[in-house]
Amino acid sequence: IPVRSSRLPLLSDAMPAPTHLFPLIRSCEISRICSTACYCHHKHLCCFSSHFAHGHFRYAPQKRFAALYRPKENFNHFIHARDYASTPQRFYLTPPQVNSILKANEYSFKVPEFDGKNVSSVLGFDSNQLPANAPIEDRRSAATCLQTRGMLLGVFDGHAGCACAQAVSERLFYYIAVSLLPHETLLEIENAVESGRALLPILQWHKHPNDYFSKEASKLYFNSLRTYWQELIDLNSGETTDVKEALINAFKRLDNDISLEAQVGDPNSFLNYLVLRVAFSGATACVAHVDGVDLHVANTGDSRAMLGVQEEDGSWSAVNLSYDHNAQNEREVERVKTEHPKSEEKSLVKQDRLLGLLMPFRAFGDVKFKWSIELQKRVVESGPDQLNDNEYTKFIPPNYHTPPYLTAEPEVIHHKLRPQDKFLVLATDGLWETMHRQDVARIVGEYLTGVHHQQPIAVGGYKVTLGQMHGLLTERRARISSVFEDQNAATHLIRHAVGNNEFGTVDHERLSKMLSLPEELARMYRDDITIIVVQFNSHVIGACQNEE
C-alpha cells in the first residue's frame with residue numbers, strides 16, 4: 001500500500017528543508033552499491049510509484065510486493081564490496097565536508113544567568129537532525145513557558161509524510177502551555193482577544209532557522225486553540241493544574257482538533273488540503289517538561305527519553321523515562337487487545353504491527369486507524385482531487401471492524417531530579433535503532449565532562465593480529481585529542497550513531513560513506529535522526545533538594 005504523499009506539490013514539501021549536495025558517485029560505483037543495497041528497511045515500504053518513493057514508511061508490505069524485497073545486508077558488505085570488472089577510484093568526504101553536513105542543523109541554547117547565578121535546573125540544551133528521508137520527516141521543538149514555570153522540549157517522528165509531525169511540532173506546546181495556565185491568566189488572555197489588545201506571550205521559542213512555522217495555517221490553528229482555552233475557562237474547577245493531567249489533556253485535545261479540522265474542511269482549498277494531509281499522515285511524540293526538580297516525560301509512540309546518571313565512581317548509566325508503544329511492549333499489546341472484542345484478538349497485531357500495518361501503537365493523526373469506514377469514504381470522496389486520487393487514502397486496513405484502533409494519549413512518567421542526574425536525551429527511533437542506551441549515556445556523559453573512560457577494545461569474535469590491535473590502539477590514542485571537537489552534544493552523538501564501526505569507535509571512512517549515500521539509498525540504511533540533549537544544573541537541583 002503506498003503511503004507516502006510528500007512528492008505531491010504540497011505545503012511542507014515546498015518549504016525549505018535542510019539538504020546537501022553530495023559528490024556524485026561514478027556509474028560503476030552506483031551499480032556496485034545497488035547490488036548490495038536492494039532491500040527495504042525493516043519498518044518501511046519502497047519500490048512504489050514516484051508519489052510514494054523514498055518515504056519513512058511504518059507500514060508492512062503487502063504480498064504482491066514481496067518479490068521486490070531482499071533480506072537486509074550488513075553495511076560492512078557495502079563498505080568492502082568489490083567491482084571486479086574495474087577498480088574505480090574511491091571518493092571520500094573530507095573531515096571538513098563531514099563536519100559541514102553533520103553541523104548543518106545543530107542548535108544550542110544556554111539558559112541565561114541572573115545576577116551571576118543560574119536559577120534554573122536546566123543549564124541549556126543541544127539539538128540536531130540528520131535527514132535520511134527527503135525531505136526529513138522528523139521535527140523538534142523547544143520553548144520556555146513564560147506564564148508558568150518550566151521548559152518544554154520534544155521530538156516528533158513523522159510517517160506517511162511530514163505534514164502531521166510539522167503540525168504537532170508547531171501546536172502541541174501551545175496546548176500544553178494553555179493546559180497549565182491558571183484560570184485568571186486564561187481569562188486575561190481571552191479578554192485581550194475580545195478587546196483586540198495584544199496577547200500575553202505564552203511561549204519563548206528556541207528554534208533553528210530551518211524549524212519553520214506554517215504561516216498560512218496560523219489563523220486556523222489559533223482559532224482551535226482559542227476554543228480549547230474557552231472550554232477550560234468554562235470548566236474551571238478552581239484546583240491547581242496537575243502537570244501529568246495537563247500533558248495528557250493537551251495531547252488528546254490536539255489530536256482531536258487535527259481530526260475535527262479534517263472533517264470540517266476549509267473554504268480555502270490550500271488549507272483544506274493541508275488539514276487533510278495532516279490528518280492522514282501520522283507522527284509520534286516524546287515531550288519533556290522540566291520545572292525545578294520535577295521532570296515529566298509524555299510519550300506517544302516509539303521515540304524515547306533517557307536520563308544520563310553519573311555514578312559515584314564516575315561511570316555512566318542510563319535510566320529509561322519512556323516506553324515504546326509497539327509490539328515489543330507486552331503491556332501495550334494487552335492494552336490494545338482489551339479495547340476490542342475477543343473475536344479480533346488474532347487480527348489486531350500481525351507481524352508486530354497494528355492490524356498488520358502500523359509499527360507504533362500510539363500516534364497523532366493516522367485517521368485511517370481512527371475513523372469509521374463511512375467517515376473515511378465521505379471525507380475522501382468530498383475532498384480535493386489530490387486526495388481522491390491517492391491510493392493510500394482510499395485504502396481501508398484489513399480486519400477493520402471496531403475503530404478507533406489507535407490513540408494519541410501519552411504515557412507520562414514523573415521523575416524527581418537528583419544531583420547525579422546530569423542530562424536527558426530525547427531522540428527519535430533513528431538513534432535507538434543504531435545505538436544502545438548505555439552507549440548513548442557513556443558517549444554523552446564523557447562528552448559533557450571531558451573525561452574519557454577508556455574501555456577494553458572488544459573485537460567481537462574477529463581474528464585480530466597483534467599488528468592490527470596495535471593499529472587500533474594507536475588510532476584510539478590519536479582520536480582522543482580530537483574526539484571532543486564537536487561543540488554540540490547532539491552532533492557528537494549523531495557522529496557516533498552513523499560512524500561507529502564494529503569496535504565501537506568512529507570510523508571516518510564509514511562515516512564518509514554513509515553521508516555520501518544518495519537520497520534513494522540513504523533511507524535504506526538508516527532513519528532520520530533527531531536528538532535533543534538537555535544538560536541539568538546539579539547545584540540548583542541539590543539546593544532544591546535541601547530546601548525540600
Side-chain angles (χ1 to χ4, degrees), residues 15 107-115 117-127 139-156 166-236 240-243 245-247 249-251 253-254 257-258 285 287-292 294-296 298 426 532 534 537 540:
M15 290 292 188
Y107 179 84
S108 296
F109 175 77
K110 302 302 178 187
V111 175
E113 294 183 351
F114 301 94
D115 299 326
K117 183 179 180 181
N118 194 324
V119 296
S120 172
S121 59
V122 176
L123 285 171
F125 70 87
D126 294 334
S127 72
R139 294 294 186 271
R140 58 183 165 176
S141 292
T144 300
C145 300
L146 298 178
Q147 301 305 319
T148 57
R149 301 188 309 172
M151 179 176 283
L152 288 164
L153 308 106
V155 294
F156 311 94
Q166 175 63 36
V168 174
S169 70
E170 294 181 31
R171 306 177 67 181
L172 181 58
F173 285 9
Y174 281 115
Y175 280 71
I176 295 173
V178 165
S179 301
L180 291 169
L181 290 177
H183 184 252
E184 296 76 15
T185 307
L186 290 173
L187 281 174
E188 188 176 347
I189 292 175
E190 174 60 20
N191 291 334
V193 175
E194 283 287 344
S195 60
R197 291 184 285 112
L199 291 178
L200 289 171
I202 298 176
L203 296 172
Q204 178 189 355
W205 291 94
H206 312 299
K207 301 182 78 68
H208 186 279
N210 288 334
D211 301 334
Y212 61 88
F213 272 14
S214 304
K215 295 180 181 179
E216 296 83 356
S218 59
K219 184 177 180 180
L220 171 69
Y221 292 169
F222 176 80
N223 289 338
S224 294
L225 181 65
R226 184 185 180 189
T227 301
Y228 177 44
W229 81 52
Q230 288 173 336
E231 292 180 13
L232 290 176
I233 291 173
D234 294 339
L235 295 172
N236 174 46
T240 304
T241 305
D242 176 71
V243 176
E245 183 182 358
L247 289 167
N249 291 341
F251 272 62
R253 179 52 183 253
L254 175 56
D257 283 352
I258 288 172
V287 172
H289 179 267
V290 189
D291 180 8
D294 291 304
L295 169 61
H296 289 83
L426 301 170
I532 299 177
V534 187
N537 190 328
V540 170

[X] side, atom [atom1]; [Y] side, atom [atom2] - distance, nearest 0.5 Å:
{"X": "Leu187", "Y": "His183", "atom1": "CG", "atom2": "NE2", "result": "4.0 Å"}
{"X": "Arg171", "Y": "Tyr228", "atom1": "CZ", "atom2": "OH", "result": "12.5 Å"}
{"X": "Lys110", "Y": "Ser120", "atom1": "NZ", "atom2": "OG", "result": "12.5 Å"}
{"X": "Arg139", "Y": "Leu172", "atom1": "CZ", "atom2": "CG", "result": "15.0 Å"}
{"X": "Leu146", "Y": "Ile202", "atom1": "CG", "atom2": "CD1", "result": "9.0 Å"}

What pair of heavy atoms forms the shortest contact from [X] to [Y], and how long is it?
{"X": "Val111", "Y": "Val122", "result": "CG2-O, 3.1 Å"}
{"X": "Thr148", "Y": "Leu180", "result": "CG2-O, 3.6 Å"}
{"X": "Ser141", "Y": "Ser169", "result": "OG-O, 2.8 Å"}
{"X": "Ala246", "Y": "Thr241", "result": "CB-CG2, 3.8 Å"}
{"X": "Ser121", "Y": "Val290", "result": "OG-CG1, 3.7 Å"}

Going through the distances and angles, do Cys145 and Leu203 end up as a side chain to side chain contact (heavy atoms under 4.5 Å, CB included)?
-> CA-CA 5 Å; Cys145 300; Leu203 296 172; 4.2 Å; yes
Answer whether the closest heavy-atom distance between the side chains of Met151 and Leu153 falls below 4.5 Å.
->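 Sidechains of Leu153 and Met151: in contact.
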Determine, step by step, whether Phe156 and Arg140 satisfy the side chain to side chain contact (heavy atoms under 4.5 Å, CB included) criterion, reporting the C-alpha distance in whole Å, the side-chain angles of both residues, the deciding distance to 0.1 Å, and the verdict.
-> CA-CA 6 Å; Phe156 311 94; Arg140 58 183 165 176; 5.6 Å; no
Testing the 3.5 Å rule here: is there a donor-acceptor pair between the side chains of [X] and [Y]?
{"X": "Asp126", "Y": "Ser108", "answer": "yes"}
{"X": "Asp257", "Y": "Tyr175", "answer": "yes"}
{"X": "His208", "Y": "Ser127", "answer": "no"}

Under the criterion ring pair (Phe, Tyr, Trp, His ring centres under 6.0 Å), which of Tyr212, Tyr174, Phe109 is the partner of Trp205?
->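 Per the ring pair (Phe, Tyr, Trp, His ring centres under 6.0 Å) rule, the option paired with Trp205 is Tyr174, out of Tyr212, Tyr174, Phe109.
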Are the side chain of Glu170 and the backbone of Tyr221 linked by a donor-acceptor contact shorter than 3.5 Å?
-> no
Ignoring hydrogens and geometry, is there a side-chain-to-backbone donor-acceptor pair from Gln147 to Leu181 under 3.5 Å?
->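 No.
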With sequence neighbours left out, write down each residue that passes side chain to side chain contact (heavy atoms under 4.5 Å, CB included) with Arg226, or none if nothing qualifies.
-> Glu190, Val193, Glu194, Phe222, Trp229, Gln230
Test side chain to side chain contact (heavy atoms under 4.5 Å, CB included) on Phe251 and Ile176 and set out the steps.
-> CA-CA 8 Å; Phe251 272 62; Ile176 295 173; 4.3 Å; yes
Step-by-step side chain to side chain contact (heavy atoms under 4.5 Å, CB included) determination, Val287 to Leu152 | CA-CA 7 Å; Val287 172; Leu152 288 164; 4.2 Å; yes
